[in-house]
Amino acid sequence: MSPTEPEGVRGRSTKRRWRNVRLRTLLIWLAVVPTVAMGTQVAVSADRLLEQSAQLRDDVEAAERIGAPLYTLMVDMQAERTATAAQWAGTEGAEGELRVRRAATDSAAAEFGGLADDPSRSFTEVTRQLEKLAAYRQRADTRSGGADSTLAYYSEVIGKVIQVYQQEFSHAEDAELAQASRPVVSMLQATEMVAREDTVLALAGPSGELSFVGYDQFVSSLGAQRYLHEALIVPHLTARDERFYERVVGSEDWQEKTRIENAVLSGHKDTVSGIKLPGEVSGWSSAHANFSVQMTTLNIDLARSVLARGEAKAAQLQAEVAWLIAGSGAGLLAVVVVVVFTTRSVLRRLRELHERTVAVAEETLPDVVARLQRGQSVDPEALPAVGGDRDEVGRISDAFARAVAVSVDGHRRLAAERHGFGLFASGIASRTGNLVSRQLSLTEDLQDTFGHDEALLAQLMRSDQLTVGMRRQIENLLILAGGEVPDPHTEPMRVADLLREAAAEVEDFRRIERQALDETSVEPSAISQISHLLAELLDNATRFSPPKSKVVIRAELVADGLSVEIEDRGPRVSPERYEEMNGRLHQAPPYSVLAQNAHRLGLFVVGHLADQLGATVTLRRSVYGGTCAVVVLPAELLLPSEGETPREPARREPSFAAAAPAAAPAAPAPAAAVPAPAAEHEDEHEHVPEPEPEPEPVPHTSAGLPSRRTKTPRHAPATAPAARPAPASAPTRPALPERVPQTHLADQLRAPHAPDTQVPQDTATPEEVADAWADYEQGTQTVEEELRRDQP
């Protein structure tokens, strides 16, 4: 009864099974997923294009709103820087020019400050630098510090303005606009380089002499502006802008500028204090005033060209979004229409196939299998036939028809094989059962003949027990083969006698303690099946519990019928293992499971017997740490005992060891199987036990042994010799269970023995101790072997 799997070893957890997705859902996904993906892509693309268009429009609007004031501020700052340098150099009339330039700068700064109110753009840095303008003007007026640091401030502000232009006109998200805006920023940078040349030459003043630092600044500015014109401006101009640029650089003023620059590079003279400029620099101011106006016009045209391109690009992006949405919507609509019609057609054909398949699987095939199992013929017209269709659904239908044909053929062969094997197993079990019954009869005859020899009687009893176990295993084979246990009973049997009969089937019956808590009887037709079921559970309990421990079986009436509990003290079992075993016991397992658990035939036999009887068998953990098997027999199998009424407290059935007087001579038994005295089963706190009725007589052999049930009922003698009780103080010896002592003795030996004056010491011989130890080792090895079998 106690399983062989120790606690802590758990079965493999069943993998979670996911339900198959319906084909309708898959087809819907087939339409929805591409549609959603395409729609998402269109939405993302349209959003990106619209965002780019909006960004372009914002840039164009900001450039138109802030571009002109920003450019005016840059030009006025350049002019004020040159006037500041001229004043620092002491040029005549520079103070008046400086006041005019400062007024123009203030006006441009005020206009710019009123427009640059967008915190997300890069106008903040220019505004912050303009806040320092008054301080640097004061330094220029007082000439505190050097001229280079004051002029560097103007250059820094102009550089910030050019950076704003570069950010506003870069358009990095559009390669075409980025390419078109590159000449605008480069032209501003080139204009700044020319303005720095103008500032350096103004700083030379009337003396026409520069410091070495000033000369280096002039050369650097000249090289930068020529590189910008040649590498970054001219290659990227459009044809229209290139023609305008050629007119500017081909003018006399630009040519004069170029001659002065070349003269400064080649005609300067080094002095002790600096660089002496050539006399050609006197024509720089008039030439610069003329060509700077032309360069300003070119810069404005380039900026307007970029803004126009940005506006056109924004409109183009909006048109692309419109076409994208229209085309995608039409495509999505076409996909949805095609998928809907395709899905409906496929689902209709599959629904028809499903209906035919379900009808065959739920009605036709079970009926065919049932007829085959009953040995009846099958009409081929009832099975689906192969149609030979070439489309996918038709091929599936033909494949199912072939599978049904193969399944029916397999069931036909399996039914024939099972029927033949059942007949073969039943025949073998019947023949072997007859031999075992004859063996039991022969054993009883030997007990009657040689019952006077205690040693031989003990061996015959041992042989009798083994033979009964063989008969039970043969009946197991008969049950598993589909047969029934032979039932020789024709009269109802009391529950107490039924428990006694079931315990007598177990080899180690001395350890079984029986308690019949209610008086009732069992139908004759179910006695053998119930006895066999309880014997299997008792045998399992004795084999998987410690050799010296008790196995208690108790029966009492409950609301659903008769409850029989079998409790042992075997090894602990995990809850998962109990759940697995109860699943096999509550429903008779199929024979396919038997091949994987051939070493646990007891559970299969108990499950089949419980299924035949309509009983329930449940295994659970006992309060002693072992296993408790609860068998609930239905009330239909019970009959009230005639002349018996329930007693309070419930009567405890005597054990095998307590059935015989303590002083009766008995065959020697192993020490492990020596039963406890009957006094140990009494309630220690009950001082006055209630009177109990005499138990019903049990059929015995002439030698005093309990008679075994056989295939044919064997009747006990009408009368049995009365056993003479031994004195209460006589020494106790191991007694054979349920034997009536001294019935096999001669009349001369029936005299009562004189009571002993004292209780002798334990007289167990070494052989008895050895036998007890052998029984212990055998039980331990059996449990270990079963544990190894259950290991995964």
Side-chain angles (χ1 to χ4, degrees), residues 1-3 489 492-506 509 511-542 545 550-570 573 575 578-579 581-588 602-603 605-641 644-655 681 683 695:
M1 180 177 60
S2 299
H489 302 86
M493 179 179 287
R494 295 169 58 248
V495 172
D497 297 332
L498 179 63
L499 300 184
R500 182 185 298 110
E501 180 177 296
E505 298 279 334
V506 181
F509 60 87
R511 294 167 46 200
I512 299 175
E513 179 179 325
R514 294 172 288 109
Q515 301 175 10
L517 305 181
D518 287 296
E519 292 294 338
T520 187
S521 299
V522 181
E523 285 281 357
S525 60
I527 293 175
S528 294
Q529 290 178 316
I530 298 174
S531 177
H532 193 105
L533 185 148
L534 297 179
E536 285 293 332
L537 295 175
L538 287 171
D539 181 71
N540 201 31
T542 55
S545 59
K550 288 290 184 182
V551 175
V552 179
I553 177 172
R554 65 179 64 89
E556 62 178 332
L557 291 174
V558 294
D560 295 334
L562 181 67
S563 171
V564 182
E565 296 185 10
I566 300 175
E567 191 171 37
D568 64 27
R569 302 188 183 185
V573 183
Y578 277 127
E579 184 178 356
M581 292 188 296
N582 287 328
R584 296 179 181 177
L585 293 175
H586 293 166
Q587 184 177 4
L603 289 179
V605 174
V606 171
H608 281 278
L609 288 175
D611 188 53
Q612 294 175 7
L613 293 170
T616 58
V617 183
T618 305
L619 301 180
R620 57 179 174 82
R621 175 167 293 182
S622 171
V623 293
Y624 300 106
T627 299
C628 180
V630 180
V631 182
V632 179
L633 299 174
E636 293 78 7
L637 303 178
L638 305 180
L639 294 174
S641 297
E644 297 289 347
T645 57
R647 298 178 181 271
E648 295 294 340
R651 181 173 62 87
R652 173 178 293 181
E653 290 292 330
S655 64
H681 302 297
D683 190 351

Distance, nearest 0.5 Å, that separates OG of S528 from CD of E501: 6.5 Å
If you measure from CG on L537 to CD1 on I553, what distance do you get to the nearest 0.5 Å? 8.0 Å
First locate atom CZ of R554, then atom CG of L499, and finally report the distance between them rounded to the nearest 0.5 Å. 11.5 Å
Mind listing the closest non-hydrogen atom pair of P492 and I527 along with its distance? C-CD1, 4.3 Å
If you take all heavy atoms of Y624 and R569, which pair is closest and at what distance? CE2-NH2, 3.5 Å
Point-to-point distance, once rounded to the nearest 0.5 Å, from CZ of R514 to CG of L498: 10.5 Å
Heavy-atom closest pair, residues L533 and A610: CD1-N, 3.8 Å
Are the side chain of T520 and the backbone of L639 linked by a donor-acceptor contact shorter than 3.5 Å? yes
Under 4.5 Å between any side-chain heavy atoms of H608 and Q529, yes or no? no
A535 and A502: which non-hydrogen atoms are nearest, and at how many Å? CB-O, 3.7 Å
Test applied, side chain to side chain contact (heavy atoms under 4.5 Å, CB included); reference residue, D568; option that passes from S622, C628, S545: S545
Quick one, R511 and V506 - any side-chain contact, counting heavy atoms below 4.5 Å? no
Could you walk me through whether I566 and L534 pass the side-chain contact (heavy atoms from CB on, under 4.5 Å) test, one step at a time? CA-CA 8 Å; I566 300 175; L534 297 179; 4.3 Å; yes
Are any non-hydrogen side-chain atoms of E505 and D539 less than 4.5 angstrom apart? no
For side-chain contact (heavy atoms from CB on, under 4.5 Å), just list the numbers for D560 and T616, CA-CA rounded to whole Å, side-chain angles, deciding distance to a tenth of an Å, and then say yes or no. CA-CA 10 Å; D560 295 334; T616 58; over 6 Å; no
With side chains defined as the heavy atoms from C-beta onward, is the minimum distance between I512 and T542 less than 4.5 Å? yes
Would you mind reporting whether L619 and V573 have side-chain heavy atoms less than 4.5 Å apart? no
Should E513 and E567 be marked as a side-chain contact (heavy atoms from CB on, under 4.5 Å) after you check the CA-CA gap, both sets of side-chain angles, and the distance that decides it? CA-CA 10 Å; E513 179 179 325; E567 191 171 37; over 6 Å; no
From L633 CG over to E523 CD, what is the distance, rounded to the nearest 0.5 angstrom? 12.0 Å
Can you tell me how far apart OG1 (T618) and CD (E565) are? Round to the nearest 0.5 Å. 10.5 Å
